[in-house]
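Naming: A, B, ... by sequence-line order, numbering from 1 per chain. It should be emphasised that the depicted structure is a prediction, and the values quoted were computed from it without experimental measurement.
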Amino acid sequence: GAGVSQSPRYKVAKRGQDVALRCDPISGHVSLFWYQQALGQGPEFLTYFQNEAQLDKSGLPSDRFFAERPEGSVSTLKIQRTQQEDSAVYLCASSLEAGANYGYTFGSGTRLTVV
Amino acid sequence: ILNVEQSPQSLHVQEGDSTNFTCSFPSSNFYALHWYRWETAKSPEALFVMTLNGDEKKKGRISATLNTKEGYSYLYIKGSQPEDSATYLCASSDWDSSYKLIFGSGTRLLVRP
């Protein structure tokens, strides 16, 4: 597609509910990233995929967070047993190659509110 | 661990004013510096990627400079327009994890007509 597509755009979850956030990267982009942006802060790195391989998941805040990209294209970020502190905008980005010499193309994000 | 700082936090200017923001980052092991513009309800848009000390890049009325030795970058907007209103984010990466962008908190710019 023309850009990175994320769905849903907004998600309200009750505390304890599981959620799944989807990212469709630009076709052919090898690298895919998830970032979390809490209110008033900059985006924070969660995880990085190169094709289907998850090369870095050091930013995932807890074992309740899980990301996958099974066929090297679409990615899903799953949050189990959501907590209020999980409320944030979740951004997905893709890039043609690994490394940061290219600007990343971001999606519009999913705004998650846990009530 | 990188710590990226941006100032000011927010800025209100009149249409036609020129303005600039600062991004500071750790200079050791530096790999790249990115600038993004993020308009409300849209996706962050890449403005510049800079890697070399002394680099200067320009895109229309917006330009950026990079000083990797002292660890700062400036973003300049000449003749601000209301459509420039957005949050401007900078992000840095290092050689250990060149793919991992560490973002500042952003500078929110509001241009009044």
[Y] reachable from [X] in the ILVMFWY side-chain graph, under 4.5 Å edges:
X      : Y      : value
A/W34  : B/I102 : no
A/L91  : A/F65  : no
B/I77  : B/L11  : yes
A/Y104 : A/L21  : no
B/M50  : B/Y76  : no

So which part of [X] gets closer than 4.5 Å to some heavy atom of chain A, the side chain, the backbone, both or neither?
X     : answer
B/F48 : neither
B/W38 : side chain
B/A91 : neither

- Query: Is any side-chain heavy atom of B/L101 less than 4.5 Å from a side-chain heavy atom of A/F45?
  - Reply: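 No. Closest side-chain heavy atoms not under 4.5 Å.
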- Message: Is the shortest side-chain heavy-atom distance between A/P43 and B/L89 below 4.5 Å?
- Response: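 Counting from C-beta outward, A/P43 and B/L89 do come under 4.5 Å.
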Would the number of heavy atoms belonging to other residues, nucleotides or ligands and lying under 6.0 Å from [atom1] of [X] be above 12?
X      : atom1 : value
B/R112 : CZ    : yes
B/Q9   : CD    : no
A/E71  : CD    : no

- Task: Could you have a look at B/G104, B/A46, B/S97, B/P44 and say which one has the most heavy-atom pairs with chain A under 4.5 angstrom?
- Result: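 Between B/G104, B/A46, B/S97, B/P44, the count favours B/P44.
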- Give a yes or no on whether the ring-centroid distance for B/Y36 and A/F106 is below 6.0 angstrom. yes
- Query: Which atoms of A/E44 come close to chain B, meaning under 4.5 Å heavy atom to heavy atom: side chain ones, backbone ones, both, or neither?
  - Reply: neither
- Message: Can you list the residues of residues 107-115 of chain A that sit under 4.5 Å from chain B, counting heavy atoms only?
- Response: A/G107, A/S108
Check: residues 54-61 of chain A side-chain donor-acceptor pairs under 3.5 Å, at least two apart:
unit_1: A/Q54; atom_1: NE2; unit_2: A/T47; atom_2: OG1; d: 2.7
unit_1: A/D56; atom_1: OD1; unit_2: A/S58; atom_2: N; d: 2.8
unit_1: A/D56; atom_1: OD1; unit_2: A/S58; atom_2: OG; d: 2.6
unit_1: A/D56; atom_1: OD2; unit_2: B/Y99; atom_2: OH; d: 2.5
unit_1: A/S58; atom_1: OG; unit_2: B/K100; atom_2: NZ; d: 3.3

- Query: Shortest non-hydrogen contact from B/K42 to A/R9?
  - Reply: N-NH2, 4.2 Å
